[in-house]
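Contents: one structure, followed by commentary.
Owing to the predicted nature of the structure, the values given are computational and were not obtained by experimental measurement. When a ligand or atom number is given, it counts from 1 through the structure's own listing order.
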Amino acid sequence: MGSNSGPPSGKPKLAPFAEVHPFRLTEPPNARWKVGDGLSNTSLGKKWKNDEKQGWKTWEMAKTSPSDATQILNSTVIPRPIAFVSTLSTENSPNLAPFRYDLCLVSYNPPIISVSFRLAPRQPKNTRDNILATKEFVVNLISEPFIEAANETSVEAPANVSEWDVSGLTQESSVHVKPPRVKESAVSLECELFHSQDIFPDGIMVPSATLILGRVKYVHVRNSVLQPDGLRADPAKLRPTSRIGGQTYARLGEGFDLKRPEWSCVKQVLRAKL
Ligand SMILES: Cc1cc2nc3c(=O)[nH]c(=O)nc-3n(C[C@H](O)[C@H](O)[C@H](O)COP(=O)(O)O)c2cc1C
């Protein structure tokens with residue numbers, strides 16, 4: 001649907017996408033917080049405390065259907081960054097799909113990244129199968145300017161259709177692994193399979209998910225998103241996206257710095273209090 005065609009009837013009208021959306025640093029929620037203070041004594045903290053009166057809803061996961069568990073977990077463990085994983089089949093067919101489960105830095109020495117695949121019965125997950133067969137993949141971070149193209153690559157297309165064609169994005173040769181990287185991505189990580197772990201539902205011999213750990217061999221970052229130190233990416237320029245449950249994507253708007261506490265200072269305050 002084009003941006004001028006308006007929302008389908010019955011749906012609330014959405015604000016237009018704000019292209020100018022600078023990322024800014026603000027003060028932290030409670031700049032006066034002190035060791036041992038717990039919940040902040042701000043209006044936000046007081047409201048949070050007051051909300052306790054509504055109690056908790058608790059699910060025993062063993063008695064919760066997988067579809068309810070998905071809804072609960074997908075909307076609570078957020079935000080989850082998203083990235084395309086680019087792979088080649090053993091016949092060298094290129095494959096591209098977006099993922100957000102377990103997309104995480106596991107270690108930086110050695111650099112290890114994780115991604116996990118949900119498996120439906122009798123439905124292949126080509127990316128997973130390609131990684132297990134070829135031991136190589138590229139993780140490409142997804143930014144706002146190509147989020148629609150990225151979303152489209154999640155289509156369950158027949159095996160003879162390349163998601164690259166669906167997306168209209170550009171293949172760029174990797175330097176170490178065979179699968180290409182996504183040229184439009186500001187960050188691409190060339191990976192070799194480090195470890196894989198199938199995950200099984202209780203009492204069932206067919207895996208419902210596979211966790212993949214990749215050893216990052218090369219990192220490509222667009223110069224235009226780097227900070228002046230030439231090492232760190234600037235979040236305002238990277239324009240990263242994440243998933244926050246359902247079909248909703250989120251973007252970065254604001255951040256705040258909190259200094260890492262030093263034990264020598266914390267110790268003194270605790271001593272004075274006790
Ligand atoms: C934003 C987004 C994130 C996704 N994350 C995951 C994920 O973490 N794990 C997964 O198995 N599928 C995920 N999917 C669905 C896959 O992209 C989809 O099943 C795709 O068709 C898999 O392609 P493949 O079979 O070529 O690997 C996601 C889809 C979208 C749109």
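Scored by the side chain to side chain contact (heavy atoms under 4.5 Å, CB included) test, Pro124 finds Asn126, Asp129 as partners (sequence neighbours excluded).
Rounding to the nearest 0.5 Å gives a distance of 4.5 Å between CD1 of Ile212 and CG of Leu132.
At least one test fails for Arg239 against the ring of Phe23: distance under 6.0 Å to the centre or angle within 45° of the axis.
Within the structure, salt bridge (Lys or Arg N to Asp or Glu O under 4.0 Å) contacts touching residues 223-232 (residues at least two apart or in different chains) are Asp229-Arg232.
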Give one line per pair: atom of ligand 1, protein atom, distance. Only N/O to N/O under 3.5 Å.
| unit_1 | atom_1 | unit_2 | atom_2 | d |
| --- | --- | --- | --- | --- |
| ligand 1 | 5 (N) | Arg100 | N | 3.0 |
| ligand 1 | 5 (N) | Arg100 | NH1 | 2.9 |
| ligand 1 | 8 (O) | Arg100 | N | 2.9 |
| ligand 1 | 8 (O) | Tyr101 | N | 2.6 |
| ligand 1 | 9 (N) | Ser116 | O | 3.2 |
| ligand 1 | 11 (O) | Arg118 | N | 2.7 |
| ligand 1 | 11 (O) | Lys125 | NZ | 3.0 |
| ligand 1 | 12 (N) | Arg118 | NH2 | 3.4 |
| ligand 1 | 12 (N) | Lys125 | NZ | 3.2 |
| ligand 1 | 17 (O) | Pro98 | O | 2.8 |
| ligand 1 | 19 (O) | Lys125 | NZ | 2.8 |
| ligand 1 | 19 (O) | Glu156 | OE2 | 3.2 |
| ligand 1 | 21 (O) | Ser154 | O | 3.0 |
| ligand 1 | 25 (O) | Asn126 | N | 2.9 |
| ligand 1 | 26 (O) | Asn95 | OD1 | 3.1 |
| ligand 1 | 26 (O) | Asn95 | ND2 | 3.0 |
| ligand 1 | 26 (O) | Glu163 | OE2 | 3.4 |
| ligand 1 | 27 (O) | Asn126 | N | 3.4 |
| ligand 1 | 27 (O) | Thr127 | N | 2.8 |
| ligand 1 | 27 (O) | Thr127 | OG1 | 2.5 |

Identify every side-chain donor-acceptor pair in residues 255-268 under 3.5 Å, counting partners at least two apart or on other chains, and give the distances.
none

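Between the side chains of Thr210 and Arg128, at least one donor N or O lies within less than 3.5 Å of an accepting N or O.
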